[in-house]
Peer 1: 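Pasting in a structure now, in structure tokens, and then I'll have a few things to ask.
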Amino acid sequence: MASSSSVLCEDQLQCPICLDVFTDPVSTPCGHNYCMLCLKDFWDSSSHCQCPVCKTSFPKRPALCVNTFISALAVPFKSSEVPVGKNTQSQVLCDICCEKKCAAVNSCLICMASYCKTHLEPHERVSSLKKHKLIDPVENLEDYICQKHERPLELFCRDDQTCVCQFCTEGEHKTHNTVPLEEESREKKIQLGKTQAEVQQMIQERLMKIEEIKHSVKLNEIQLGKTQAEVQQMIQERLKKIEDIKYWFNQEVRHALSRSTLS
């Protein structure tokens with residue numbers, strides 16, 4: 001696997017819908033790959049069962065099985081000890097590691113610290129730590145804490161389009177439509193995937209239109225060449241007839257002069 005990760009880059013193992021490295025990758029009959037959950041959510045939210053990228057329609061929803069080959073290729077990019085392609089410089093490091101800093105796999109909004117897989121273990125074992133709010137590793141943890149209540153921003157207010165904490169929903173956001181941040185993030189990713197698929201479709205349509213225009217221009221050039229050749233041929237024929245008439249006229253004049261002299 002190490003050799004595979006050195007050849008591949010993260011973009012090649014990226015789901016077109018969530019734009020993250022594949023999780024439980026599945027393949028559609030048309031050959032495109034997605035995270036299983038992303039594709040299921042996309043189909044659940046759509047009235048047609050089709051490929052998000054190429055828009056190929058399927059008469060019935062295909063049975064999805066994890067592509068073990070692609071899944072194995074994606075493993076190194078999900079490992080906490082393997083740099084992730086182009087994001088290596090912005091990688092979040094563990095706050096607990098002393099000597100060699102390992103990549104963080106989660107950040108805790110209660111502890112206000114980021115942990116590698118090894119140092120995250122207590123949060124998976126100790127009952128009191130299991131209640132802590134874990135998120136994907138981020139650098140500026142203070143941005144994920146409510147400045148007013150000093151509580152994790154776990155919810156999203158759809159009315160004000162902003163992140164809020166639980167205490168916010170008991171105050172100024174009490175009557176607002178709030179949902180868990182994970183749910184909003186998942187929906188945004190699905191919407192982003194749809195938009196990306198639509199953009200790709202639009203690009204393909206534009207490219208096809210350009211090819212049609214190029215083909216039309218080529219046909220016009222060929223037709224123009226034929227027309228020019230026909231015009232040139234017609235001109236040559238007219239000039240030849242004019243020369244023939246001039247020759248005949250000169251001959252007639254000579255014969256007339258000859259007869260006039262003899263008489």
Peer 1: Near Glu150 CD, under 6.0 Å, is it more than 12 heavy atoms from other residues, nucleotides or ligands?
Peer 2: no
Peer 1: Between Ile145 and Ile135, is there shared hydrophobic-cluster membership here, with clusters defined by ILVMFWY side-chain heavy atoms closer than 4.5 Å?
Peer 2: yes
Peer 1: Hey, what do you get for CD (Glu139) to CG (Leu93), rounding to the nearest 0.5 Å?
Peer 2: 8.5 Å
Peer 1: Can you see which heavy atom on Ala104 is nearest to which on Pro137, and at what distance?
Peer 2: O-CG, 3.4 Å
Peer 1: Would you please name every residue forming a side chain to side chain contact (heavy atoms under 4.5 Å, CB included) with Ser45, sequence neighbours left out?
Peer 2: Ile190, Lys194
Peer 1: State yes or no: do Val66 and Val21 share one hydrophobic cluster built from I, L, V, M, F, W and Y residues joined by side-chain heavy-atom distances below 4.5 Å, directly or via other members?
Peer 2: no
Peer 1: Indicate yes or no: at least one non-hydrogen side-chain atom of Cys102 is less than 4.5 angstrom from one of Thr118.
Peer 2: no
Peer 1: Any non-hydrogen side-chain atom of Asp160 less than 4.5 Å from a side-chain atom of His176?
Peer 2: yes
Peer 1: As a quick check of understanding, evaluate side-chain contact (heavy atoms from CB on, under 4.5 Å) for Leu155 and Gln166, giving each step before the final call.
Peer 2: CA-CA 7 Å; Leu155 304 169; Gln166 188 63 46; 3.7 Å; yes
Peer 1: Nearest 0.5 Å, what's the CD1-CD distance between Ile242 and Glu237?
Peer 2: 12.0 Å
Peer 1: Side-chain polar contacts of residues 29-41 - donor-acceptor pairs under 3.5 angstrom, sequence neighbours left out - could you list them?
Peer 2:
unit_1	atom_1	unit_2	atom_2	d
Asn33	OD1	Ser27	OG	2.5
Tyr34	OH	Val53	N	3.3

Peer 1: For Thr178 and Cys157, which heavy atoms make the closest approach, and how far apart are they?
Peer 2: CG2-CA, 3.9 Å
Peer 1: Looking at Lys117, His119, Arg125, which one forms a side chain to side chain donor-acceptor pair (under 3.5 Å) with Glu121?
Peer 2: Arg125
Peer 1: Can Asp20 and Lys189 be counted as an ion pair, charged N to O under 4.0 angstrom?
Peer 2: yes
Peer 1: What heavy-atom pair brings Leu109 and Met112 nearest, and what distance separates the two atoms?
Peer 2: O-SD, 3.7 Å
Peer 1: Given 3.5 Å as the limit, does a donor-acceptor pair link the side chain of Glu198 with the main chain of Pro52, or not?
Peer 2: no
Peer 1: Taking all atoms of both residues into account, what is the closest heavy-atom pair of Pro152 and Ile110, and its distance?
Peer 2: CG-CD1, 3.7 Å
Peer 1: Is the shortest side-chain heavy-atom distance between Thr162 and Phe156 below 4.5 Å?
Peer 2: no
Peer 1: May I ask you to decide if Gln191's main-chain N or O and Thr195's side chain share a donor-acceptor pair within less than 3.5 Å?
Peer 2: yes
Peer 1: Can you find a pair of side-chain heavy atoms, one from His123 and one from Lys130, that are under 4.5 Å apart?
Peer 2: no
Peer 1: With a 3.5 Å cut-off and sequence neighbours excluded, list the donor-acceptor pairs that the side chains of residues 205-219 form with protein atoms.
Peer 2:
unit_1	atom_1	unit_2	atom_2	d
Glu205	OE2	Gln201	NE2	3.4

Peer 1: Do the rings of His149 and Phe167 sit parallel, tilted or perpendicular, given the 30° and 60° boundaries?
Peer 2: perpendicular
Peer 1: Quick check: do Thr175 and Asp159 have side-chain heavy atoms less than 4.5 Å from each other?
Peer 2: no
Peer 1: Of the non-hydrogen atoms in Asp143 and Leu153, which two are nearest, and what is the gap between them?
Peer 2: O-CD1, 3.6 Å
Peer 1: Heavy-atom distance under 4.5 Å between the side chains of Ile96 and Tyr115, does that happen here?
Peer 2: yes
Peer 1: Under the side-chain contact (heavy atoms from CB on, under 4.5 Å) criterion, do Asn177 and Val179 qualify, and how do the steps go?
Peer 2: CA-CA 7 Å; Asn177 179 18; Val179 295; 4.2 Å; yes
Peer 1: Quick one: pull up CD in Gln223 and CG in Asn220 and give me the separation to the nearest 0.5 Å.
Peer 2: 8.0 Å
Peer 1: Let me check something: do Phe42 and Leu64 share a hydrophobic cluster, defined by ILVMFWY side-chain heavy atoms less than 4.5 Å apart, either directly or through other members?
Peer 2: yes
Peer 1: Can a salt bridge be assigned to the pair Glu182 and Lys188 using a cut-off of 4.0 Å between side-chain N and carboxylate O?
Peer 2: no
Peer 1: Residues two or more places apart in sequence or in another chain: which of them pass side chain to side chain donor-acceptor pair (under 3.5 Å) with Gln196?
Peer 2: none
Peer 1: Applying side chain to side chain donor-acceptor pair (under 3.5 Å), name anything that partners Arg158, two or more places apart in sequence or on another chain.
Peer 2: Glu184, Glu187
Peer 1: Just verifying a value: how many Å separate Lys101 NZ and Ser114 OG, rounded to the nearest 0.5 Å?
Peer 2: 10.0 Å
Peer 1: Mind listing the closest non-hydrogen atom pair of Cys51 and Thr28 along with its distance?
Peer 2: SG-OG1, 4.4 Å
Peer 1: With the side chain counted from C-beta on, respond yes when Val105 and Leu120 share a heavy-atom pair under 4.5 Å apart, and no when they do not.
Peer 2: yes
Peer 1: Mind checking whether Asp44 and Arg61 have side chains closer than 4.5 Å, heavy atoms only?
Peer 2: yes
Peer 1: Return the SG to CG distance between Cys15 and Leu19, rounded to the nearest 0.5 Å.
Peer 2: 7.5 Å
Peer 1: Backbone N or O of Gln50 within a donor-acceptor pair of the Trp43 side chain at under 3.5 Å?
Peer 2: yes
Peer 1: What distance separates Lys246 NZ from Leu239 CG, expressed to the nearest 0.5 Å?
Peer 2: 10.0 Å
Peer 1: For a side-chain contact (heavy atoms from CB on, under 4.5 Å) check, start with the C-alpha distance between Cys116 and Cys97, then their side-chain angles and the critical distance, and finish with the verdict.
Peer 2: CA-CA 8 Å; Cys116 64; Cys97 292; 3.8 Å; yes
Peer 1: Go through the structure and list residues passing side chain to side chain contact (heavy atoms under 4.5 Å, CB included) with Asn250, not counting sequence neighbours.
Peer 2: Arg254
Peer 1: Answer yes or no: is there a donor N or O on one side and an acceptor on the other, between the side chain of Asn67 and the main chain of Pro25, under 3.5 Å?
Peer 2: no
